[in-house]
Amino acid sequence: MTKKTVFPGDEVAVAEEYMPAEGTYEYDGKILASLAGDLDLDQEEKVAKVTPKNPLVVLRNGDSVFCRITDVRASMAICEIFAAEGKDRDITGDTSATIHISKLSSDYVQDVGREFRPGDLIRAKVIQTKPSVQLSTQEPHFGVVKASCRKCRAPLSVHGKALKCEPCERVENRKVADDYGDINF
Amino acid sequence: MSGMTTDIDLIDDNGIRIDGRKVDELRPLKIEAGVLKRADGSAYVEWGKNKVLAAVYGPRECHPRHMQNPAKAIVQCKYNMLSFSVSDRKRPGPDRRSIEISKIISEALEYVVFTENYPRASIDVYIEVLQANAGTRCAGLTAASVALADAGIPMKDLVPAVAIGKADGQIVLDLNKEEDNYGNADLPIAMIPRTGEVLLMQMDGHMTMEEFDQALEYGKKACQMVYDVQKDALRRRYTVQGGNGDVDDEQSQNNNSEA
């Protein structure tokens, strides 16, 4: 394996020897780089790859993402993904996603509206990216990380398994993540 | 703007231009990649007295939705001249000229980017001219293509651009302000040196067929030189990446606000 920094348009190999893969393309019998990054000529698989220095954030199964709930339907919650956890860069590709009622919690869920409300910020796991983005919040680390009171919009705080609004003393039910309220956006 | 008349000699008897260059000499060119922290990719170009900043975002979801292309990404470029970029204050905002330049730069970049990998997405390129001295569209496109590469967007090649013109009846490379204003022709070209593909070409004024061929020859050589500077800018960006001072600044600010 050879490591070398290449830039778009650089000739990295000949087409007879290697197949183009991520970050490379074939042109006129040659393999050229399409990204700025480290060249990786895989001798086993015979593919020429470029690992980008500044990779795009494309969602994959298992990624942890932050989203805002936009709508609650009978069998699913619809949300808008605004960040991938641990990534500085905005995500590339579809940002609207859905969470099916069966993937919402490890417990039985009768009503999606009892677990998520529009405007809630949640952490979720990507379980499908094509043809549409599907998320899951079954594990304890996933669920609501920030929510506000339905009546007065004051931020809710954790109170046992539920969330409580301090000013108006309302108690609301949610599928909360284990670190509710600890995240600074 | 060419066509205005003047009594000053743009080229002297020794073939030297008013800024001391020979007819086939470029102005000093300096490119720096990755100058902006918040943008996905960025580049800063100083080309003679031109100062141009380019920033790239994306590929990200395209808004408004009706502009999305279900088969490929679109490249949306905004070329803007700041009000203090020229000697008389420029009225801010888009005008006929900057809309045209935005369109041709978008089209040139769309050709090199592998847009089919990102359906429904938009790649946004912002070009800000801080200081203008003829040839800003070429400087802008040169900066934008370095910024795209810095953003990690897959593309066929970098796009160097240069203007060739005619002053005092002679073909000259890389026009300056005076040659642009009082010269006889202006021919901006963007060309991939490796393949010779022309991505942008406009012409203002008149040239004979022979003059045009010579201009193209100058342009081809100059694009290769600009291309080498672009590559060098990216190489420097990725070899000194460890010492990024901005990150530390931001962290110390956050610590202060929490304390």
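Because only heavy atoms are used, hydrogens play no part in the values below, and waters and symmetry mates are left out as well, while side chains stay in. Sequence lines set the chain letters: A, B, ... in the order given, protein chains first and strands last, and positions in each chain run from 1.
For Tyr57(B), no part sits under 4.5 Å from any heavy atom of chain A, backbone or side chain. Interface residue Ala151(B): backbone and side-chain heavy atoms are both found under 4.5 Å from chain A. Looking at Ala121(B), neither its backbone nor its side chain comes within 4.5 Å of chain A, counting heavy atoms on both sides.
Ring geometry for Phe7(A) versus Tyr238(B): interplanar angle under 30°, hence parallel rather than tilted (30 to 60°).
Below 4.5 Å, heavy atoms of chain B meet heavy atoms from Tyr25(A), Tyr27(A), Leu32(A), Ala33(A), Ser34(A), Leu35(A), all part of residues 12-35 of chain A. Listed by sequence position, the residues of residues 114-151 of chain A in contact with chain B number zero, using a 4.5 angstrom heavy-atom cutoff.
Two residues are said to be in side-chain contact when any heavy atoms from C-beta on lie closer than 4.5 Å; Lys4(A) and Leu41(A) fail this criterion. Using a 4.5 Å cut-off on side-chain heavy atoms (C-beta onward), Val56(B) and Asp150(B) make no contact. Side-chain atoms of Met76(A) and Val112(A), non-hydrogen and from C-beta on, never get closer than 4.5 Å to each other. Side-chain contact between Glu80(A) and Ser96(A) is present, with heavy atoms from C-beta onward closer than 4.5 Å. Using a 4.5 Å heavy-atom threshold, the side chains of Gln202(B) and Arg137(B) count as touching.
When only modelled atom types and interatomic distance are considered, Glu110(B) and Thr115(B) share no side-chain donor-acceptor pair under 3.5 Å.
No donor-acceptor pair under 3.5 Å is formed between the side chain of Arg236(B) and the backbone N or O of Lys231(B).
Paired with Leu29(B) under the rule side chain to side chain contact (heavy atoms under 4.5 Å, CB included), one option of Val226(B), Asp228(B), Asn50(B) passes, and it is Val226(B).
Interface check for chain A: of the options Val113(B), Ile192(B), Ile153(B), Leu158(B), the most heavy-atom pairs under 4.5 Å are formed by Ile153(B). Comparing Asp90(A), Asp10(A), Val57(A), Val50(A) by how many heavy-atom pairs each has under 4.5 Å with chain B, the most go to Asp10(A).
Heavy-atom minimum distance, Ile74(B) versus Met67(B): CD1-O, 3.7 Å.
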Margin query: Set out, in order, the CA-CA distance, both residues' side-chain angles and the distance that settles side chain to side chain contact (heavy atoms under 4.5 Å, CB included) for Leu163(A) and Val176(A), then state yes or no.
Written below: CA-CA 8 Å; Leu163(A) 297 177; Val176(A) 287; 3.6 Å; yes
Next item on the list: Test side chain to side chain contact (heavy atoms under 4.5 Å, CB included) on Ser42(B) and Leu53(B) and set out the steps.
Entry: CA-CA 8 Å; Ser42(B) 58; Leu53(B) 198 54; 5.9 Å; no
